[in-house]
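Below is one structure, written out as structure tokens; comments come after it.
In what follows, every heavy atom counts, from backbone to side chain, and hydrogens, waters and symmetry copies are set aside. All residue numbers refer to positions in the sequence shown, counting from 1.
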Amino acid sequence: VQLQASGGGLVQAGGSLRLSCAASGRTFSSYNMGWFRQAPGQERDFVAGISWSGGSTAYADSVKGRFTISRNNAKNTVFLQMNSLEPEDTAVYYCAAGGPTAAKVRENWPHWGKGTLVTVSS
């Protein structure tokens, strides 16, 4: 599966962005999907995950209540709705496929797309 993230940009603190990740291939609906982020000089951290059916989700504590992951299997797309953004959310955001829904270790996810940059100004 090939993945392409989009939707990043510059937003003020308190604002919202919606990231999308488009997947190629006919097996998208069989993959759990995830979002990770990497700030400059930092490790790539788990943000959110969603099961292949959409019936199960998982979030990092730092984004619970602010971010929502969802998917549209008919359109081979996974989304990350980000509300109440904070400067600490500034990072390159990556989508990933194929790992356990709540797997926080990047090595558990075999498929990655190129990231999209989110910058939150204070």
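Across Ala13 and Pro87, no two heavy atoms sit closer than the pair CB-CD, 4.1 Å. The minimum heavy-atom distance between Pro100 and Asn108, with the atom names listed, is CD-O, 3.8 Å. When all heavy atoms of Asn83 and Ser16 are compared, the closest pair comes out as OD1-OG, 2.9 Å. Here the closest non-hydrogen pair linking Ala22 and Thr77 is CA-OG1, 4.3 Å. When every heavy atom of Ala39 is checked against every heavy atom of Ala91, the shortest pair comes out as N-CB, 3.8 Å. Listed here is the closest heavy atom pair of Gln42 and Gln38: O-NE2, 3.1 Å.
For Thr116 (side chain) and Ser6 (main-chain N/O), no donor-acceptor pair under 3.5 Å exists by modelled atom type. Side-chain atoms of Thr90 come within 3.5 Å of backbone atoms of Val120 as a donor-acceptor pair (strictly under, hydrogens ignored). Between the side chain of Ser24 and the backbone N or O of Gln2 there is at least one donor-acceptor pair closer than 3.5 Å.
Interatomic distance, Leu19 CG to Met82 CE, rounded to the nearest 0.5 Å: 3.5 Å. Atom OG of residue Ser20 and atom CD of residue Gln4 lie 11.0 Å apart, to the nearest 0.5 angstrom. In this structure, OG in Ser53 is found 8.0 Å from CG in Asn73, a value given to the nearest 0.5 Å. Atom CH2 of residue Trp52 and atom CG of residue Asn32 lie 9.5 Å apart, to the nearest 0.5 angstrom.
In this structure the side chain of Tyr31 reaches within 4.5 angstrom of the side chain of Val1, judged on heavy atoms. Residues Arg71 and Met33 form a side-chain contact, since some pair of their non-hydrogen atoms from C-beta on lies under 4.5 Å apart. Val118 places none of its side-chain heavy atoms less than 4.5 Å from the side chain of Leu10. Contact check for Tyr59 versus Thr68: side-chain heavy atoms found under the 4.5 Å cut-off. Counting only heavy atoms from C-beta outward, the side chains of Arg37 and Val63 approach each other to under 4.5 Å. Residues Thr119 and Val11 have side chains not in contact (no heavy-atom distance under 4.5 Å, counting atoms from C-beta outward). Between Leu80 and Phe67 the shortest side-chain heavy-atom distance falls below 4.5 Å. Ser70 places none of its side-chain heavy atoms less than 4.5 Å from the side chain of Gln81.
The existence of a salt bridge linking Arg66 and Asp89 is confirmed by a sub-4.0 Å separation between a basic side-chain nitrogen and an acidic carboxylate oxygen.
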Inset, instruction - Apply the test side-chain contact (heavy atoms from CB on, under 4.5 Å) to residues Trp35 and Val78: give CA-CA distance (whole Å), side-chain angles for both, the deciding distance (0.1 Å), then the verdict. - result: CA-CA 9 Å; Trp35 286 98; Val78 63; 4.0 Å; yes
Legend entry - Audit row: Phe36, Phe46, ring pair (Phe, Tyr, Trp, His ring centres under 6.0 Å) steps and yes/no: CA-CA 4 Å; Phe36 283 69; Phe46 175 82; 5.6 Å; yes
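The hydrophobic clustering, which links ILVMFWY residues whose side-chain heavy atoms are closer than 4.5 Å, places Ile50 and Leu17 together.
Seen from the ring of Tyr94, Arg106 does not count as a face-on cation partner, given the 6.0 Å and 45° thresholds. Geometric assessment of Arg44 against the ring of Trp112 yields a positive cation-pi assignment under the 6.0 Å and 45° thresholds.
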